[in-house]
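Encoded as structure tokens, the structure appears first; notes follow it.
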There are 2 protein chains.
Amino acid sequence: MAAALKKMSEDKGFSSLGLREVTKEAGIAPASFYRHFSNMEELGLALVSEAEDALQAILLDAKALEEKGEDIVASSVQVCMQHFRDNGPLFRVLAREATGNSPLIRRRIQRCLMNLNHQLAEIIELEMRRRHRKITNPLYIAEAISTLVFNLGIASADLPYAKQKEAEKRLAHHIRIIYWGAEAMANSQHLSRNIMLS
Amino acid sequence: MAAALKKMSEDKGFSSLGLREVTKEAGIAPASFYRHFSNMEELGLALVSEAEDALQAILLDAKALEEKGEDIVASSVQVCMQHFRDNGPLFRVLAREATGNSPLIRRRIQRCLMNLNHQLAEIIELEMRRRHRKITNPLYIAEAISTLVFNLGIASADLPYAKQKEAEKRLAHHIRIIYWGAEAMANSQHLSRNIMLS
DNA sequence: TTTTTCAGCAAACACTTGTACACTTAATTG
DNA sequence: CAATTAAGTGTACAAGTGTTTGCTGAAAAA
């Protein structure tokens with residue numbers, strides 16, 4: 001699995017990754033591959049599993065931050081980006097294969113991301129209740145935020161440092177806007193004044 | 001090019017698409033490929049070019065809608081999704097190769113999307129001025145919106161009809177929240193009251 | 001009408017690919 | 001200790017890969 005990741009961060013692309021390539025990188029004979037996986041797709045699923053764990057780790061870190069107080073948005077984004085950097089190849093696999101070759105792998109990633117959205121929504125709801133703020137449909141908010149962080153974050157994870165910091169700033173801004181918007185919308189619904197729809 | 005697209009919408013993935021596969025689908029000999037492209041990567045770039053044009057077409061359609069008035073957000077999203085459906089394979093190539101194999105193609109797509117963001121930002125700014133609304137950094141807003149529409153839209157473009165409509169609704173909601181948030185933030189900056197940062 | 005360009009062809013080349021089989025070791029287990 | 005299992009090996013095979021070369025017709029330009 002490590003060999004596959006290394007190969008993928010070099011010449012990119014899981015679907016264009018051959019069984020023989022992987023075994024050569026791993027320093028074993030082609031036939032030995034079948035002792036561990038019966039398929040390349042199985043290897044892919046294993047990698048996705050690992051990436052799922054890494055995603056969960058991010059959420060845990062973010063939760064820990066939340067209890068500390070501070071500027072949650074900024075530090076959450078920073079933590080995210082740190083994770084994206086730390087195991088860049090793994091997440092790039094996830095991003096790639098989310099729209100990738102194998103339907104099996106694709107569905108699994110989509111399910112994983114949706115699951116993550118539900119967890120994130122729960123965190124957001126709790127936090128908002130703690131602050132006595134109303135908010136519309138936390139799951140939607142979670143989807144918007146995770147989509148932005150995931151796509152923009154991973155895309156800029158292998159850029160030079162300055163660009164990364166810039167991306168962090170933009171991401172934090174996006175998230176803040178979404179929070180503000182959600183709150184504004186919730187309040188306007190309460191007052192039944194919906195200017196944006198007219 | 002049509003053959004490549006067809007192949008890609010079947011067994012997915014440009015990087016895993018062979019020259020010989022394409023020529024077989026096109027009904028010509030492998031050697032004949034070189035009369036049109038000197039490389040598979042060149043074919044990829046040509047496809048991206050076509051997709052870029054399709055993206056521009058979306059923007060034109062959206063602009064036309066804007067002058068009509070009506071519910072801009074909802075109808076823009078509908079128009080977008082219609083385009084995504086109409087040439088699904090093309091856009092899936094774009095989404096895939098945005099995080100894909102070839103650095104050359106990847107950079108080009110990123111540049112194209114950034115260009116699109118600038119155009120979208122201009123539209124947003126004009127529209128906001130027309131409505132006498134203040135807004136913070138239109139380019140950020142454009143980035144957030146296009147990222148969401150692009151990723152969520154394309155991901156759900158090949159789902160069953162009901163799910164698509166549901167995705168449309170969610171997308172429109174996201175966009176509205178972002179608009180609200182941008183406006184709220186602009187107003188708060190004006191009043192120098194920044195509750196979200198505390 | 002002659003010439004040049006264009007799109008296509010078959011055959012061949014040197015590789016790489018996934019997979020299968022029979023085999024050796026090393027470690028684990030009974 | 002003996003037996004079983006896990007991991008790895010070399011060889012082989014059929015199929016597929018990108019690319020080159022020299023060739024054919026047809027269409028377009030001269």
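Order of the sequence lines fixes the chain letters, A, B, ..., with proteins taken first and strands second; residue numbering starts at 1 for each chain.
- Within residues 36-49 of chain A, no residue approaches DNA chain C, by heavy-atom distance under 4.0 Å.
- By the 6.0 Å contact criterion, CD on Gln82(B) is enclosed, its count of non-hydrogen atoms from other residues, nucleotides or ligands being greater than 12.
- Here the P atom of nucleotide dT20(D) and the CG atom of Leu19(B) are 11 Å apart, to the nearest Å.
- One finds the CZ atom of Arg170(B) at 4.5 Å from the CD atom of Glu143(A) (value rounded to the nearest 0.5 Å).
- The distance between atom NZ of Lys24(A) and atom P of dG18(C), rounded to the nearest whole Å, is 11 Å.
- Remark: Asn39(B) CG to Phe33(B) CZ distance equals 7.5 Å, nearest 0.5 Å.
- A donor-acceptor contact shorter than 3.5 Å links the side chain of Arg96(B) to the backbone of Thr99(A).
- Residue pairs meeting the side chain to side chain donor-acceptor pair (under 3.5 Å) criterion with at least one member in residues 41-56 of chain B, sequence neighbours excluded: Ser38(B)-Glu42(B), Glu41(B)-Ser102(B), Ser49(B)-Arg108(B), Glu52(B)-Arg108(B).
- The side chain to side chain donor-acceptor pair (under 3.5 Å) analysis of residues 112-121 of chain B, with sequence neighbours excluded, yields the pairs Asn117(B)-Ser146(B).
- Although no hydrogens or angles enter the test, the distance criterion places no donor-acceptor pair under 3.5 Å between the side chain of Gln78(B) and the main chain of Ser75(B).
- Across every non-hydrogen atom of Glu25(A) and Ala3(A), the tightest pair is CG-CB, 3.5 Å.
- There is no side-chain donor-acceptor pair under 3.5 Å between Asn137(A) and His173(B).
- Between Tyr34(B) and dT19(D), a side-chain N or O to OP1/OP2 separation shorter than 4.0 Å is present.
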Can you check nucleotides 25-28 of chain C for protein contacts, nitrogen or oxygen pairs under 3.5 Å, and list what you find?
none

Nucleotides 9-15 of chain D: protein proximity per nucleotide (B base, S sugar-phosphate only, - neither; heavy atom, under 4.0 Å): BB-B---

Atom pairs and distances, side-chain donor-acceptor, residues 155-167 of chain B, under 3.5 Å, sequence neighbours left out:
residue   : atom : partner   : partner atom : Å
Ser156(B) : OG   : Leu152(B) : O            : 3.0
Ser156(B) : OG   : Gly153(B) : O            : 3.2
Gln164(B) : OE1  : Arg85(B)  : NH1          : 2.1
Gln164(B) : NE2  : Ala157(B) : O            : 3.1
Gln164(B) : NE2  : Leu159(B) : O            : 2.9
Lys165(B) : NZ   : Glu168(B) : OE1          : 3.4

